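Comments concern the structure below.
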Protein chains: 2
Amino acid sequence: MSLRHAILGFLSHRPLSGYDLKKAFDGSVAHFWAADQAQIYRTLAGLSEERLVEVERVAQEVRPDRKLHHLTASGRAELVAWLQAPTVAPARREPLLVKLFFVSEVAPEHLGVLLRTELAAAERELATLNAVATGTAPAFAAAPPTQALGPALTLWAGLAATRAWRDWLVAALGTLEGDAPMAAVLAALAAGA
Amino acid sequence: MSLRHAILGFLSHRPLSGYDLKKAFDGSVAHFWAADQAQIYRTLAGLSEERLVEVERVAQEVRPDRKLHHLTASGRAELVAWLQAPTVAPARREPLLVKLFFVSEVAPEHLGVLLRTELAAAERELATLNAVATGTAPAFAAAPPTQALGPALTLWAGLAATRAWRDWLVAALGTLEGDAPMAAVLAALAAGA
DNA sequence: GGTCACTATAGGACACATCCTATATCTGTC
DNA sequence: GACAGATATAGGATGTGTCCTATAGTGACC
């Protein structure tokens with residue numbers, strides 16, 4: 001459901017083609033809402049049918065025509081309504097936790113393998129996000145705060161979640177190395193704040 | 001893709017009916033992999049067609065027949081193969097972060113509303129998970145560690161992620177109350193560990 | 001001279017999940 | 001006596017997203 005609205009969000013800044021939108025997604029929100037190219041074109045067709053966007057055909061001599069999508073008044077209204085409506089969180093899908101839940105079906109050593117592989121992935125993700133953060137910080141500082149605060153908070157949230165995940169993986173691997181992993185895990189569970 | 005394997009996982013302990021499976025999901029992994037009842041029945045039909053499970057019809061006099069699903073040898077092999085295969089993380093879907101990204105399209109006060117609503121949801125989630133933790137801790141301590149470690153780690157991961165999310169929301173709301181929110185956010189971004 | 005990547009669009013098939021609905025009977029509550 | 005809720009199954013429609021493919025010209029690389 002959010003793809004429609006994310007597209008409307010991008011179009012609220014300036015009119016874009018499907019191709020432009022794909023690049024806009026990949027360069028910003030892709031970490032927490034990736035968009036498939038085919039899906040973008042289909043969604044744009046739907047939005048245009050609902051009169052939430054208007055299509056301006058821009059002829060190009062050498063390449064196929066670009067179809068610039070302009071946000072209409074009702075499109076903006078739809079975006080604002082969505083921003084103000086309560087957020088419906090989709091069900092979490094964490095295959096790693098499912099695996100962890102049934103890990104006793106395979107050899108005990110495999111638990112460590114599973115966690116270490118995930119830790120490597122988390123470190124990579126963290127490195128990417130950190131790079132994005134250092135790269136965009138000057139732009140955030142220069143832009144008017146009302147404009148930049150949203151994107152900056154988004155990035156911070158992604159970083160915070162990824163760091164926490166990494167830290168948990170490190171802690172979990174730590175308990176496996178002790179003599180009494182189960183006791184350590186139970187202690188961590190009880191230490192709820 | 002994980003629903004198939006989660007079902008195989010549950011069936012590795014004992015044969016279950018579709019109805020039993022629904023209850024098994026709701027009572028354990030629902031927090032990070034919810035299962036729709038209709039989807040469970042359809043997936044079971046597919047697994048049976050692929051000979052990964054075998055159906056035993058148990059006639060009941062008063063109610064509709066139960067269809068007990070037994071894991072076959074190839075079913076167990078499939079489960080083990082999945083547990084040992086690298087985990088494919090599905091793309092993250094965080095509508096709240098998408099909203100945050102485009103929040104400048106609505107009145108600035110709305111940012112706080114958005115975060116506070118999410119904070120309330122996070123606190124509720126945290127309370128549920130903490131209740132589950134205190135409720136299951138005795139069972140974890142009593143069970144053989146090789147069996148219980150997986151589920152305990154799963155719960156810990158869920159708790160850790162939810163706590164981190166709650167903490168981030170509190171921190172983000174804190175920056176909004178200061179005189180220079182943008183500077184505070186940039187400081188937090190830079191404080192990468 | 002061939003292959004690859006880029007710009008730009010979009011259809012078809014399929015996977016996966018959700019929502020709503022239907023059937024049928026028993027048990028417990030008000 | 002009525003009605004809700006538990007037990008037990010499953011179909012149909014719809015939504016949402018993924019994967020593969022096709023078209024078509026330009027520019028760059030080797």
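Every chain is numbered from 1 and lettered A, B, ... according to where its sequence line falls, protein lines coming before strand lines. Just so it is clear, the model here is predicted, and its values are computed rather than measured.
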query = Does any donor-acceptor pair link the side chain of A:Gln39 with the base of D:dT16 at a separation under 3.5 Å?
reply =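 No, no donor-acceptor pair under 3.5 Å.
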
ask   = Has the side chain of A:Arg42 got a donor or acceptor that lies under 3.5 Å from a partner of the other kind on the base of D:dT18?
value =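 Yes.
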
task = Please examine the side chains of A:His31 and A:Thr154, heavy atoms only from C-beta on, and report whether any two atoms are closer than 4.5 Å.
result =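 No, too far: nothing below the 4.5 Å cut-off.
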
How many whole angstroms separate atom [atom1] of [X] from atom [atom2] of [N]?
X: B:Trp33; N: C:dT18; atom1: CH2; atom2: C1'; result: 14 Å
X: A:His5; N: D:dT16; atom1: NE2; atom2: P; result: 10 Å
X: A:Tyr41; N: C:dT9; atom1: OH; atom2: P; result: 4 Å
X: B:Asp26; N: D:dT7; atom1: CG; atom2: P; result: 12 Å
X: A:Gln37; N: D:dC19; atom1: CD; atom2: P; result: 12 Å
X: A:Asp36; N: D:dT16; atom1: CG; atom2: P; result: 15 Å
X: B:Glu49; N: D:dA10; atom1: CD; atom2: C1'; result: 15 Å
X: A:Phe32; N: D:dG17; atom1: CZ; atom2: C1'; result: 18 Å

task = Would you please say whether a donor-acceptor pair under 3.5 Å links the side chains of B:His70 and B:Glu56?
result =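 Yes, a side-chain donor-acceptor pair sits under 3.5 Å.
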
Crowding at CD, B:Glu54 (>12 non-hydrogen neighbours, <6.0 Å) =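 No, the 6.0 Å shell around CD holds no more than 12 heavy atoms from other groups.
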
key: N-O pairing of A:Arg4 and A:Glu50 below 4.0 Å   =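 Yes, this pair counts.
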
query = Ion pair present between A:Arg76 and B:Glu105, side-chain N to carboxylate O less than 4.0 angstrom?
reply =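 Answer for the salt bridge query: yes.
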
Side chain of [X] (C-beta onward), nearest among [options]:
X: A:Ala91; options: C:dA10, C:dT18, D:dG17; value: C:dT18
X: B:Ala38; options: D:dG11, C:dA8, D:dG17; value: D:dG11
X: B:Tyr19; options: C:dA10, D:dA10, D:dA6; value: D:dA6

message = Let me spell it out: for each of B:Lys23 and B:Lys67, pick the nucleotide of DNA chain D with the closest heavy atom. Which residue's pick is nearer the 5' end?
response =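 Closer to the 5' end of DNA chain D: B:Lys23.
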
query = Base, sugar-phosphate, or nothing: which does B:Ser17 touch, judged by heavy atoms less than 4.0 Å apart?
reply =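 Sugar-phosphate contact only.
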
query = When we call it a touch if two heavy atoms are under 4.0 Å apart, what does A:Arg93 touch: a base, just sugar-phosphate, or nothing?
reply =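 Contact class for A:Arg93: sugar-phosphate only.
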
